[in-house]
Amino acid sequence: MVQSAGNLFPLRQRGHFIIGIPRWGRVAAMLAGTLVGVCMGCSSHKFIPIRKDNGLAMGGTDFFRTVTTWHWKERDSLAVGLILSGDVPKFLQRFVRIHTSITDSATGKRINAWYYVAPDYLSIGTDDDWARVPLTPMAAQKIADSLGCFLPTRKMVNDIYIQAKVKLEPVPMYAFRDSSITMWQHHLIVEGQRKGRKGLIAGIKKDVVISGKILKDEKPNRVAIYGWHKLTGVAIQPLYTGHVNWYADYSHGIRLVYKTVWVNGKPMDYTDVLRSPGLHGLLCDEEYCDFYRYPY
């Protein structure tokens, strides 16, 4: 909401002056208030609040100790419950702005846009005890819907990698890839690589993405994954829909993206951007950009 000059400067007016400030100063204050409203999406960060429910909480260590032998459905269910109850490290709620642009083919003008992404992959716990948690796309989508977010596209994963502050070399693991133990071990390996460095991180996971390939795949109930960039910038994992949607392994990560995209300063829902023939290139580089969310 745009604040009025009166709210910004609650001073008494006398004639053509606010006491101590000439009238032109009041006009300037009003303009400043307007600019504040217009630039609500201009910040380099956006805080995505998750309501904290004190009745349900667990650190990352205890989470993986608990789910060591659990079936994927049970692990997903606990993870969704914990995350939606606010059992998420505070730093993960401070989303980072990503810039993108394309050239309008009709006018030749640049179209600039930005959106906000989580600084790391979806995790459970506190700032002192947390862990990244691979999830199925169904669980990821339920969380994203609840928090006003969506999952990225292949192009967005590339853009995020380019603009990431912390880039780490992928570490493949080969035994018991879909086990909770391997998921926990991989998290610890990544933390050893990170060495406490802070900021937008990339190159550590294959992203679960939205992709038009989902709708074109002959087999039903697919999950699309992409990414895991090497330090050369080349993605190990091409866009792939070969796994059934209940499959998740240690290398999969869930990156949340806030659903509003600012296009030339105008806020738009991400689905409207993807549906637009002239704008979808801001978020998607596929032939078909018509898959917006996973059913659950």
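Every value quoted in this text rests on a predicted model; they were computed, and no experiment measured them.
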Report summary line: Only residue of Trp246, Tyr247, Tyr226 satisfying ring-ring contact (aromatic ring centres under 6.0 Å, His included) with His252 is Tyr247
Query raised in the report: Considering all heavy atoms of both residues, which atom of Thr260 and which atom of Pro267 are nearest to each other, and what is their separation?
Result: CG2-CB, 3.7 Å
Query raised in the report: Could Asp290 and Lys216 be called an ion pair, given the rule that one side-chain N must be under 4.0 Å from one carboxylate O?
Result: yes
Query - Test item: Tyr250 side-chain N/O and Met173 main-chain N/O as donor-acceptor pair under 3.5 Å - result: yes
Query raised in the report: How about Thr136 and Val223: do any of their side-chain heavy atoms sit closer than 4.5 Å?
Result: no
Query raised in the report: Side chains of Asp128 and Thr126: donor-acceptor distance under 3.5 Å anywhere?
Result: no
Report task. Report the C-alpha separation of Leu122 and Val133 in whole Å, then their side-chain angles, then the decisive distance to 0.1 Å, and conclude whether the side chain to side chain contact (heavy atoms under 4.5 Å, CB included) test is met. Result -> CA-CA 6 Å; Leu122 203 54; Val133 181; over 6 Å; no
**Report entry** Shortest non-hydrogen separation from Phe64 to Ser180 and the atoms involved
**Finding:** CD2-O, 3.4 Å
**Report entry** Main-chain N/O of Asp272 paired to Ser276 side chain as donor or acceptor, under 3.5 Å
**Finding:** no
Report task. Evaluate the side-chain proximity of Leu151 to Ile254: yes if any heavy-atom separation is below 4.5 Å, no if none is. Result -> yes
Query raised in the report: Are Met183 and Ile225 connected in the hydrophobic side-chain network, where two residues link if heavy atoms are under 4.5 Å apart?
Result: yes
Query raised in the report: Pick from Asp104, Asn264, Thr103: which one makes a side chain to side chain donor-acceptor pair (under 3.5 Å) with Arg110?
Result: Thr103
Report task. Examine Arg293 relative to Tyr270 and say whether NZ or CZ is less than 6.0 Å from the centre of the six-membered ring and inside a 45° cone about the ring axis. Result -> no
Requested in this report: Let me see the working for Lys165 and Ile201 under side chain to side chain contact (heavy atoms under 4.5 Å, CB included), right down to the final yes or no.
Outcome: CA-CA 6 Å; Lys165 183 177 180 181; Ile201 192 170; over 6 Å; no
Query raised in the report: Rounded to the nearest 0.5 Å, what separation is found between the CG atom of Leu92 and the CZ atom of Arg132?
Result: 9.5 Å
Report task. For the residue pair Phe291 and Tyr294, categorise the inter-ring angle as parallel (less than 30°), tilted (30 to 60°) or perpendicular (more than 60°). Result -> perpendicular
**Report entry** Shared hydrophobic cluster for Met58 and Ile143 (ILVMFWY, side-chain gaps under 4.5 Å)
**Finding:** yes
Query - Polar side chain donor-acceptor pair, Ser211 to Glu286, under 3.5 angstrom - result: yes
Query raised in the report: Under the side chain to side chain contact (heavy atoms under 4.5 Å, CB included) criterion, do Asp207 and Met156 qualify, and how do the steps go?
Result: CA-CA 10 Å; Asp207 282 74; Met156 295 171 72; over 6 Å; no
Query raised in the report: If you round to the nearest 0.5 Å, how far is CZ of Arg51 from CG of Leu84?
Result: 9.5 Å
Query raised in the report: If you look at every heavy atom in Lys167 and Leu231, which pair is closest and at what distance?
Result: O-CD2, 3.6 Å
**Report entry** Spatial distance of atom NZ (Lys198) from atom CG (Asp120) [nearest 0.5 Å]
**Finding:** 13.0 Å
Query raised in the report: Do other residues, nucleotides or ligands put more than 12 heavy atoms under 6.0 Å from Phe47 CZ?
Result: yes
Query - Spatial distance of atom OG1 (Thr153) from atom CG (Asp159) [nearest 0.5 Å] - result: 7.5 Å
Query raised in the report: Considering only heavy atoms from C-beta outward, does the side chain of Glu74 approach that of Val67 to under 4.5 Å?
Result: no
Query raised in the report: With a 4.5 Å limit on heavy-atom distance, are the side chains of Leu283 and Tyr115 in contact?
Result: yes
Requested in this report: Before giving the answer on side chain to side chain contact (heavy atoms under 4.5 Å, CB included), spell out for Val209 and Arg154 the whole-Å C-alpha distance, their side-chain angles and the decisive distance to 0.1 Å.
Outcome: CA-CA 7 Å; Val209 297; Arg154 174 177 64 183; 5.6 Å; no
Query raised in the report: With a 4.5 Å limit on heavy-atom distance, are the side chains of Arg222 and Lys213 in contact?
Result: no
Query raised in the report: Would Asp62 and Arg65 pass as an ion pair if we require N to O under 4.0 Å?
Result: yes
**Report entry** Minimum heavy-atom distance Ile83-Ser123, with the two atoms named
**Finding:** CG1-O, 4.2 Å
Report summary line: Smallest heavy-atom separation, Lys155 atom then Leu282 atom, equals NZ-O, 3.4 Å
Report summary line: Of all heavy-atom pairs linking Trp228 and Pro170, the shortest is NE1-CB, 3.4 Å
Report summary line: Here the gap from Trp72 atom CH2 to Leu135 atom CG, rounded to the nearest 0.5 Å, amounts to 11.0 Å
Query raised in the report: Would a hydrophobic clustering, with Ile, Leu, Val, Met, Phe, Trp and Tyr connected at side-chain separations under 4.5 Å, put Phe91 with Val257?
Result: yes
Query raised in the report: Can you hop from Leu147 to Met138 via hydrophobic side chains spaced under 4.5 Å?
Result: no
Report task. Answer yes or no: is there a donor N or O on one side and an acceptor on the other, between the side chain of Ser43 and the main chain of Lys46, under 3.5 Å? Result -> no
Requested in this report: Would you please indicate if the ring centroids of Trp70 and Phe63 are separated by under 6.0 Å?
Outcome: no
Query raised in the report: Above 12 or not: heavy atoms from other molecules or residues under 6.0 Å from CZ of Phe176?
Result: no
Query raised in the report: Does Arg255 make a cation-pi contact with Tyr121 (under 6.0 Å, within 45 degrees of the axis)?
Result: yes
Query raised in the report: Is there a side-chain contact between Phe150 and Ile210 (heavy atoms, below 4.5 Å)?
Result: yes
Query - Residue pair Val190 / Lys205, side-chain heavy-atom distance below 4.5 Å - result: no
Query raised in the report: Is it true that atom CZ of Arg94 has more than 12 heavy atoms of other residues, nucleotides or ligands lying nearer than 6.0 Å?
Result: no
Report task. Give the intermediate values and the outcome of side chain to side chain donor-acceptor pair (under 3.5 Å) for residues Asp87 and Ser85. Result -> CA-CA 6 Å; Asp87 196 18; Ser85 70; 5.8 Å; no
Query raised in the report: Between Leu82 and Ile48, is there a shared hydrophobic cluster once you connect ILVMFWY residues whose side-chain heavy atoms come closer than 4.5 Å?
Result: yes
Report task. Step through the shown structure and confirm whether more than 12 heavy atoms of other residues, nucleotides or ligands are within 6.0 Å of NZ on Lys52. Result -> yes
Query - Interatomic spacing from NZ in Lys206 to CD1 in Ile236 - rounded to 0.5 Å - result: 8.0 Å
Query raised in the report: Can you find a heavy atom in the side chain of Asp145 that is under 4.5 Å from one in the side chain of Tyr296?
Result: yes
Requested in this report: Would you check if the distance from the ring center of Tyr258 to the ring center of Phe95 is below 6.0 Å?
Outcome: no
Query - Side-chain donor-acceptor pair present, Ser251, Asp249, cut-off under 3.5 Å - result: yes
